[in-house]
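I have placed the structure first, in the form of structure tokens, so that the comments after it can refer back to it.
One-based numbering, in listed order, for ligands and for the atoms of each.
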Amino acid sequence: MLTMLPLPATEVPLLDQDERPCYLDSAATSLKPRAVIDRITRFYAEENAPVHRGVYELSQRATDLYEQARRTVAAFVGADPEGLVFTRGTTEGLNLVARAWAEEHLKPGDELIASPQEHHSNFIPWQEVARRTGATLHFAPLRANGTLDLDGTLALIGRRTKLVAMAHVSNVLGIENPAREVFAAAKAVGAVTVLDGAQSVPTRPVDVADLECDALAFSAHKMLGPTGIGALAVRPALLEQMTVYQTGGGMIERVAVEGTTFLDGFARYEAGTPNAAGAVGFAAACDYLDTLTYDGRDGMEAVAAYEHAWGQHAANQVRAIEGVRLIGPPDDCDVEGGIVALQMDGLHPHDLAVLLDAQGVMCRAGHHCTMPLHAHLSDSGAHPATSLRASAYVYNTLDDADRLAEALRFAHKALTRRTVAAG
Ligand SMILES: Cc1ncc(COP(=O)(O)O)c(C=O)c1O
């Protein structure tokens, strides 16, 4: 059955209230539809058992569900299920590559590339790799508006480059980075390519094969799924080169006082009792996203088209408000998705967020785990070191964008009144 976008409030329990909440913080975490909540409840009520550990039927069935979830999540991003490692989320996936591959293979003289635009999860792990191995971390140059300088980035890639890490979509600017071009150049010199898909996998079709990426990390909770589970889709060649990351149950071949041997493949990186309910919920979220439809498109094409329409509507409204400056999308960039990041003259983003909340509009304020990006925007003279971010997903209506604009106008009026009174 197909579901038209935007999702009706009846599909999303948290929105199904007399006064519909205006939740605009989905780039942080999405709300959950009834279909996903019900699937997780059913797992716990009827199917719960340890996976890969029991010979009884209930355990075998839970194992089958867990492995079916791996195939569903892998197919969602065009990955080989044999290379799909379930993680706690994007952060753990990126740290896994840093610890299990980069720290084992890099040495002084080697080079890594990341950019100051990155979420801290795709920035600090590479800083740590450089600190621990003696390799050099180069930062891809950004333009004044925070977007990637492609020529400058390509110029950094050379025969010493061993790893290039990049966000597919910025969680502040809402803009897609030229990952395909950068990764093609990185592969040409034999470097490992790591894509942070935290904001792209939930919002558009993503195909790992198409992107020349060796490892793609993403989180279920940003795409209608549960918290505490994510995936790292790894190319077989890289998976083979990775070493043990965490040790314990489920990932061993033989343990003896003389020493331990480990399983191969994804199992080597899933130590401990797996989050089976999370995996089943994650797969239910992927299946649900595939049923969505909008403007003649289906699945993730529909999600991307709807996000674009919402973002366009919101950005047009917000740009017209006195005293507001958009950081994301930057003024000279087209709207791509449902992220609008801004700053209002004379009002700290935290105070602005409180004023919006008082009008029932929930937005995030702060650095959004991108301190280097905010510092860059600030250094370039254009913006302060924090911002307010409104981010929409498949359940937000255009009316939510109007409510945001109205609340911003109200905040600006309140500020002007206060300034005039004080003057
Ligand atoms: C671009 C980006 N990368 C990484 C992350 C980290 O994701 P998680 O907290 O689910 O590990 C986020 C979360 O906001 C993000 O937006």
Side-chain angles (χ1 to χ4, degrees), residues 23-32 73 77 85-99 114-128 140 142 146-148 164-179 182 193-204 206 211 213 215-233 245 269 275 278-279 281-282 285-286 307 311 327-329 336-341 362-374 376 386-393:
Y23 180 77
L24 290 175
D25 200 12
S26 291
T29 200
S30 71
L31 302 179
K32 317 301 170 200
V73 174
V77 293
V85 182
F86 279 123
T87 61
R88 281 193 300 127
T90 307
T91 303
E92 190 175 59
L94 297 167
N95 276 279
L96 204 165
V97 180
R99 297 275 176 279
S115 97
Q117 190 204 78
E118 297 298 320
H119 188 282
H120 297 163
S121 302
N122 200 26
F123 187 90
I124 310 168
W126 314 119
Q127 263 185 336
E128 283 296 291
L142 302 182
T147 56
L148 200 78
V164 178
M166 179 180 288
H168 198 185
V169 171
S170 159
N171 64 315
V172 176
L173 308 175
I175 298 290
E176 190 168 315
N177 280 315
V182 174
T193 52
V194 181
L195 192 65
D196 172 349
Q199 297 296 338
S200 61
V201 176
T203 56
R204 66 206 64 207
V206 172
L211 286 163
C213 103
L216 167 74
F218 52 109
S219 302
H221 72 95
K222 293 184 194 285
M223 47 191 284
L224 306 179
T227 44
I229 185 126
L232 182 72
Y245 166 62
Y269 309 102
N275 180 358
F282 194 175
C286 294
E307 288 257 319
I327 291 172
E336 290 181 11
I339 289 181
V340 177
M362 292 171 251
C363 293
R364 167 113 176 235
H367 51 69
H368 320 305
C369 298
T370 55
M371 280 189 179
L373 172 62
H374 277 83
H376 170 84
T386 55
S387 60
L388 179 114
R389 182 185 70 188
S391 53
Y393 204 32

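Legend: residues meeting ring-ring contact (aromatic ring centres under 6.0 Å, His included) with Phe86, ordered by chain and number and at least two apart, are Tyr66. Qualifying side-chain contact (heavy atoms from CB on, under 4.5 Å) partners for Ala165, counting only residues two or more places apart in sequence or in other chains: Asn122, Trp126, Leu163, Val194. His221 pairs by the ring-ring contact (aromatic ring centres under 6.0 Å, His included) definition with nothing, not counting sequence neighbours.
Separation of atoms CG (Leu148) and CG (Asn177) is listed at 5.0 Å; rounding is to 0.5 Å.
Between Glu307 and Arg204 there is no salt bridge, since no side-chain nitrogen of the basic residue lies less than 4.0 Å from a carboxylate oxygen of the acidic one.
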List, pair by pair, the atoms of ligand 1 and of the protein that are both N or O and lie under 3.5 Å apart, giving the separation rounded to 0.1 Å.
| unit_1 | atom_1 | unit_2 | atom_2 | d |
| --- | --- | --- | --- | --- |
| ligand 1 | 3 (N) | Asp196 | OD1 | 3.2 |
| ligand 1 | 3 (N) | Asp196 | OD2 | 2.5 |
| ligand 1 | 10 (O) | Ser219 | OG | 2.7 |
| ligand 1 | 10 (O) | His221 | NE2 | 2.7 |
| ligand 1 | 11 (O) | Thr90 | N | 3.4 |
| ligand 1 | 11 (O) | Thr91 | N | 2.9 |
| ligand 1 | 11 (O) | Thr91 | OG1 | 2.5 |
| ligand 1 | 14 (O) | His119 | NE2 | 3.4 |
| ligand 1 | 14 (O) | Lys222 | NZ | 2.5 |
| ligand 1 | 16 (O) | Gln199 | NE2 | 2.6 |

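Side-chain atoms of Thr90 come within 3.5 Å of backbone atoms of Ser219 as a donor-acceptor pair (strictly under, hydrogens ignored).
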